[in-house]
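When a ligand or atom number is given, it counts from 1 through the structure's own listing order. In this chain, residues are counted from 1 in sequence order.
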Amino acid sequence: VQTESAGSQTSIKVIVRLRPQNQNEMQSNHKTVVKVVDDKMLIFDPKEEQNPFFYHGVAQKGRDLLKKQNKELQFIFDKIFDVTSDNNDVFEGSTKDLICNLLDGYNCSVFAYGATGAGKTHTMLGNGDDPGITYRTVAELFSEIEKQSEQREFNLGVTYLEIYNENVQDLLHKSGPLHLRDDGRCGVIVAGLKIITIQNAEELLTLLAKGNKNRTQHPTDANEESSRSHAVFQVYINITNRLDGQVRQVKLSMIDLAGSERASATGCKGARFKEGANINKSLLALGNCINKLADGAKHITYRDSKLTRLLKDSLGGNCQTVMIANITSSSFSYEDTYNTLRYANRAKKI
Ligand code: ADP
Ligand code: MG
């Protein structure tokens, strides 16, 4: 989607990634509720092709004879990655193209959205065998910088922070809660956030590992505890033109969002419920901003959450946004998948 708004260009790309079913999902007799048609189209809750009550001749447990009709909803996105795609495929088809625009002066932001367990952290961070798109994107950035180094000088600094319960915390440096400050000229800044200079993508891997250890909920823990915080990784790039000495700054933001499941669905009360409410609030605020930008609206409200305030200059104006909606196909996650697809669908609407 390309829209002109207040003399600037905002582009939003919405991508869906379907993760493979895990052991549990495959062993249970939950059915598959996502059918990928091609690399742009999927059907949610398709009509069943087999006899609905028998599968391989075995009566299905837990079938409700009065069950609602299948929704059979068709969704179209900029790109859909099937279970066979690895992080390199996702990188090639999503954020690789951002690099040229970034170096041309567009702030870029990438979001991983989805319920807990849907594959957000796998996509952003990955693992030793298959690094995530954060590392891959920064590696590509360094390789592009190398090619342009005769004409321009580049200085890179990175920050990594967490927004948990509307509190901002530095993940690379022990700190108390940090405050957002409106700094007229530079936009919104996080007072006291450490910017760390890096020379190559390998240094980044060390920093990401360090930052992830400091997350409120360790993001790679396989337990039921959900990841309740937004992890915001940002690269600041100062570009100096060697010919005329002109300097400009651009920013790349890569965000592993908190799980999008509803607070009520997790059956929590008290502190956990408050977390859920704050997460819903910021995901809703983000969705609202993106929808308005996609619609070409002139007035966008960024003040509704810390996340949108922080990313104000990376969403509106000369910006490119990529939203990666992570889903799984098991009927066990029916509601989460449905909600994620609707959120993603609204993000692209014109
Ligand atoms: P989230 O961050 O959304 O809560 P994770 O990224 O931690 O979810 O994924 C949950 C589990 O599923 C992890 O064990 C992860 O390794 C696995 N997983 C997620 N996506 C994929 C994928 N595309 N291929 C293989 N395993 C995946
Ligand atoms: Mg996670």
Side-chain angles (χ1 to χ4, degrees), residues 15-28 30 32 34 36 39 42 77 79-95 110-136 160-164 169 171 208-209 211-233 254-263 265-266 268 272 275-276 279-280 282-283 286 307 322-330 332-341 343-344:
I15 288 165
V16 167
R17 182 179 200 184
L18 179 68
R19 74 154 165 77
Q21 292 202 0
N22 61 34
Q23 214 71 19
N24 264 341
E25 292 166 332
M26 286 194 296
Q27 277 164 5
S28 65
H30 284 115
T32 293
V34 177
V36 176
D39 71 339
L42 63 78
F77 295 101
K79 183 115 181 125
I80 298 169
F81 291 99
D82 205 345
V83 296
T84 54
S85 304
D86 60 15
N87 281 334
N88 190 50
D89 299 326
V90 176
F91 160 68
E92 297 262 349
S94 66
T95 59
V110 181
F111 296 92
Y113 183 94
T116 297
K120 299 179 296 295
T121 304
H122 180 83
T123 298
M124 300 306 276
L125 208 61
N127 53 47
D129 300 331
D130 188 16
I133 65 173
T134 301
Y135 168 76
R136 292 177 191 276
Y160 199 17
L161 62 83
E162 170 181 77
I163 305 177
Y164 174 70
Q169 205 105 32
L171 288 174
L208 286 176
N212 284 309
K213 281 210 197 86
N214 292 331
R215 275 190 80 174
T216 298
Q217 216 86 58
H218 199 285
T220 49
D221 266 356
N223 62 27
E224 288 284 302
E225 287 287 286
S226 45
S227 199
R228 314 299 277 164
S229 67
H230 308 296
V232 181
F233 171 77
M254 304 197 71
I255 299 110
D256 185 349
L257 292 166
S260 60
E261 59 275 7
R262 286 160 199 272
T266 51
C268 345
R272 267 293 138 80
E275 283 175 7
I279 291 167
N280 287 351
S282 53
L283 292 178
L286 176 67
L307 182 68
V322 173
M323 162 81 67
I324 304 177
N326 294 268
I327 56 172
T328 167
S329 63
S330 163
F332 184 70
S333 306
Y334 187 98
E335 284 299 326
D336 285 335
T337 300
Y338 182 43
N339 289 331
T340 297
L341 289 172
Y343 188 97

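Considering backbone and side-chain atoms alike, Thr116 places every N or O at 3.5 Å or more from each N or O of ligand 1. Of the N or O atoms in Lys120, one or more lie within a sub-3.5 Å distance of an N or O in ligand 1. The shortest N or O to N or O distance between His122 and ligand 1 is under 3.5 Å.
Between Lys79 and Asp39 a salt bridge is recorded (basic side-chain N to carboxylate O distance below 4.0 Å). Salt bridge Asp89/Arg17: absent, no basic N to carboxylate O contact under 4.0 Å. Taking 4.0 Å as the cut-off between side-chain N and carboxylate O, Glu261 and Arg228 count as a salt-bridged pair.
Contact annotation: for Ala112 versus ligand 1, there are no heavy atoms closer than 4.0 Å.
If you number the atoms of ligand 1 from 1 as listed, the ones under 4.0 Å from a heavy atom of Arg17 come out as 23 (N). In the vicinity of Ala115, heavy-atom distances shorter than 4.0 Å reach the ligand 1 atoms 3 (O). Atoms of ligand 1 lying under 4.0 Å from any heavy atom of Ala118, numbered from 1 in the order shown and given with element: 3 (O), 8 (O).
Because the distance cut-off is set at 2.8 Å, Thr121 qualifies as a neighbour of the Mg ion (ligand 2) through one of its N, O or S atoms.
Assignment of Pro20 to the shell around ligand 1 is supported, since a heavy atom sits closer than 4.0 Å. Ligand 1 has at least one atom lying under 4.0 Å from a heavy atom of Gly117.
Each of Ser333, Ser329, Ser330 was compared with Gln21 under the side chain to side chain donor-acceptor pair (under 3.5 Å) criterion, and only Ser329 meets it.
Counting only N and O atoms by type, the side chains of Asp336 and Ser260 include no donor and acceptor under 3.5 Å apart.
A donor-acceptor contact shorter than 3.5 Å is absent between the side chain of Asp256 and the backbone of Val232.
The aromatic rings of Tyr160 and Phe233 sit perpendicular, their planes meeting at an angle over 60°, well past the 30° parallel limit.
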